[in-house]
Amino acid sequence: MVARGEIARFWSLESLHMVSSDGGTESSALVDDNGSEEDFSYEELCQANPRYLQPGGEQLAINELISDGSVVYAEALWDHVTMDDQELGFKAGDVIQVLEASNKDWWWGRNEDKEAWFPASFVRLRVNQEELLENTSHPHGEEQEEEASKARHKHPESQQQMRTNVIQEIMNTERVYIKHLKDICEGYIRQCRKHTGMFTVAQLATIFGNIEDIYKFQRKFLKDLEKQYNKEEPHLSEIGSCFLQHQEGFAIYSEYCNNHPGACVELSNLMKQGKYRHFFEACRLLQQMIDIALDGFLLTPVQKICKYPLQLAELLKYTTQEHSDYSNIKAAYEAMKNVACLINERKRKLESIDKIARWQVSIVGWEGLDILDRSSELIHSGELTKITRQGKSQQRIFFLFDHQLVSCKKDLLRRDMLYYKGRMDMDEVELVDVEDGRDKDWNLSMRNAFKLVSRTTDEVHLFCAKKQEDKARWLQAYADERRRVQEDQQMGMEIPENQKKLAMLNAQKAGHGKSKGYSSCPAAPPHQSLPPLHQRHVTVPTSVPQQQVFALAEPKRKPSLFWHTFHKLTPFRK
């Protein structure tokens with residue numbers, strides 16, 4: 001688990017220098033024509049901006065601003081859901097006033113009418129503090145937006161300065177990010193490969209994933225950004241086209257984000273041994289990297305891909321419709337939201353395939369291809385009565401996955417035991433609603449019925465639900481299945497074959513032993529209890545919230561109730 005203070009430190013060092021109203025800082029790294037950046041030493045970066053890279057300095061700087069009477073605002077990067085009255089709950093995008101930041105992990109702030117602690121790693125300091133302060137005196141809602149819009153048109157110089165601030169933040173954070181990627185590749189990976197006795201090729205692939213490919217991609221992206229950046233008049237910069245040009249390339253982050261949980265586990269296991277802790281610290285010192293542990297550095301790509309939509313949303317806010325880059329920025333914002341959505345969907349599906357694999361292993365007498373060969377998500381399940389042409393009824397439990405409908409039969413004695421009875425290709429059938437009453441084709445009286453008709457053979461399958469509500473759920477589930485299949489095709493959503501095989505292999509191994517059941521998110525690590533920072537403050541929270549790194553994506557689909565009752569339908573033994 002990444003130390004919260006270290007992540008907070010990283011986020012603050014990226015954005016703190018933008019708080020000042022003068023609008024700019026010097027570049028920390030530049031990219032040449034070959035896509036590689038000029039080398040700047042750690043000392044040079046610190047001298048260029050004393051508050052910028054010195055560990056711990058950002059908290060002191062924020063408190064200095066607050067003590068001087070300045071109002072400091074931060075924007076929530078992720079949702080923070082809490083049941084603790086001592087903690088401040090908020091959603092991604094909410095604005096929080098920072099009242100005290102002396103502690104590296106937890107800051108004290110105000111959100112609406114409440115003051116409480118909140119995790120520093122969940123927020124980023126806003127670029128344009130002054131503009132937000134001006135707007136706080138206006139009424140909320142549409143009137144506030146109208147007033148803010150009028151004010152910006154009355155003061156074009158202020159509008160230009162605000163856009164300059166956002167542009168410069170994007171450029172500066174991109175340059176610092178490139179330096180972090182370079183440090184990881186040259187400071188860690190290169191050294192690890194020299195010590196074959198300590199690391200296998202598989203271990204390095206697990207820990208670092210495809211971060212070298214990300215580094216290569218980001219250098220090209222930054223090179224194009226630099227070409228579009230107007231140094232003399234930053235507010236005139238037209239960077240929207242860069243995001244649009246490279247939007248497909250950002251999909252490379254999906255593999256890294258999916259691999260990251262495994263990387264944390266592998267790295268955590270190695271860190272239990274002193275020689276690995278000393279080795280990684282030596283790598284950091286040799287590369288003159290800032291005081292962040294390796295797990296903190298490895299989290300930066302996950303954070304970065306989530307930060308782009310926030311930056312573009314803020315840039316769009318200060319880009320007038322008359323600006324030559326307005327349409328491209330608007331399109332870039334939507335594109336990067338879609339990238340985050342795609343990554344979120346892939347992550348969700350990867351988590352789903354492990355459960356599906358374990359489900360298949362629990363089914364007695366499974367035949368044919370693995371369910372994961374074609375499917376990656378359970379959409380609906382429930383009992384239906386299947387009617388044959390001869391008028392015979394069969395009570396079955398059906399599981400609707402994307403592309404497939406699987407039927408199973410309960411054991412007469414052990415009701416939690418399921419036997420495989422067959423499956424149907426949903427790509428080859430069409431659902432037909434059947435009205436209550438006598439059906440002419442089947443010469444049977446129907447109630448709560450529907451048919452699945454083959455498009456190629458005209459074969460018909462008749463099903464009856466117990467209640468009208470159950471039938472309505474199945475009709476909706478069929479529509480959802482078709483829609484999701486289409487969305488996956490449009491998004492290019494495919495689960496790699498090796499991950500499918502690994503999921504089945506793990507499920508088969510677990511099936512031979514005792515059931516481990518399903519666990520939710522791992523428990524948070526113990527957090528050091530700290531004394532109060534101020535007499536009016538309560539004790540710093542002792543819990544560490546679970547970070548939600550994909551909160552920028554579109555709203556998540558509602559989880560199926562099937563998995564909550566899974567243990568009742570499968571033969572797990574304790």
message = Test side-chain contact (heavy atoms from CB on, under 4.5 Å) on Phe297 and Ile290; report intermediate values, then the result.
response = CA-CA 10 Å; Phe297 277 106; Ile290 60 176; 3.8 Å; yes

key: From CA spacing to verdict: ring-ring contact (aromatic ring centres under 6.0 Å, His included), His246, Phe217   = CA-CA 9 Å; His246 294 278; Phe217 166 76; 5.7 Å; yes

message = Go through it in stages, so that I can follow the logic: the residues are Gln311 and Lys307, the test is side-chain contact (heavy atoms from CB on, under 4.5 Å), and I'd like the CA-CA distance, side-chain angles, deciding distance and then a yes or no.
response = CA-CA 6 Å; Gln311 290 180 320; Lys307 190 176 182 183; 3.6 Å; yes

task = Could you go through the ring-ring contact (aromatic ring centres under 6.0 Å, His included) check for Tyr308 and Tyr333 one step at a time?
result = CA-CA 8 Å; Tyr308 282 127; Tyr333 168 62; over 10 Å; no

task = Would you sort out whether Tyr188 and Phe199 count as a ring-ring contact (aromatic ring centres under 6.0 Å, His included), showing the intermediate values?
result = CA-CA 12 Å; Tyr188 286 112; Phe199 303 95; over 10 Å; no

request  = Could you check Tyr215 against Asp213 for side-chain contact (heavy atoms from CB on, under 4.5 Å), going step by step and ending with a plain yes or no?
outcome  = CA-CA 5 Å; Tyr215 177 40; Asp213 295 331; over 6 Å; no

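A donor-acceptor pair under 3.5 Å is formed between the side chain of Asn230 and the backbone N or O of Glu233. Under the 3.5 Å distance criterion, the side-chain polar atoms of Asp94 are left unmatched by any main-chain donor or acceptor of Glu75. Without hydrogens or angle criteria, Thr164 side chain to Pro234 main chain gives no donor-acceptor distance under 3.5 Å. Panel note: side chain Asp402, backbone Glu377; a donor-acceptor pair is recorded below 3.5 Å.
Atom CG of Leu225 sits about 6.0 Å away from atom CD1 of Ile239, to the nearest 0.5 Å. Within the model, atoms CG of Leu316 and NE2 of His323 stand 11.5 Å from one another, a figure rounded to the nearest 0.5 Å. Atom CG of Leu204 and atom CD1 of Ile189 lie 7.5 Å apart (nearest 0.5 Å). A distance of 5.0 Å separates OH of Tyr177 from CD of Gln218, quoted to the nearest 0.5 Å. From Tyr276, atom OH reaches atom OG of Ser268 across 13.5 Å, with rounding to the nearest 0.5 Å. Glu238 CD to Ile329 CD1: the interatomic distance, rounded to the nearest 0.5 Å, is 9.0 Å.
One finds no salt bridge joining Lys220 and Asp224 here, because no Lys/Arg side-chain nitrogen approaches an Asp/Glu carboxylate oxygen to under 4.0 Å. Between Arg163 and Asp325 there is a salt bridge, since a side-chain N of the basic residue sits under 4.0 Å from a carboxylate O of the acidic one. Residues Glu226 and Lys223 are not paired through a salt bridge, judged by the lack of any N-O separation under 4.0 Å between the basic side chain and the carboxylate. Checked for salt-bridge contact, Glu487 and Arg483 meet the test: a charged N lies under 4.0 Å from a carboxylate O.
Around the CD atom of Glu248, the shell of radius 6.0 Å holds no more than 12 heavy atoms that belong to other residues, nucleotides or ligands.
Aromatic ring pairs are classed by plane angle as parallel below 30°, tilted from 30° to 60° and perpendicular above 60°; the pair His260 and Tyr256 is tilted.
Contact record, Trp106 with Phe118: CE3-C, 3.3 Å, taken as the closest heavy-atom pair.
For Arg175 and Phe221, the positive end is not near the middle of the six-membered ring at less than 6.0 Å and at most 45° from its axis.
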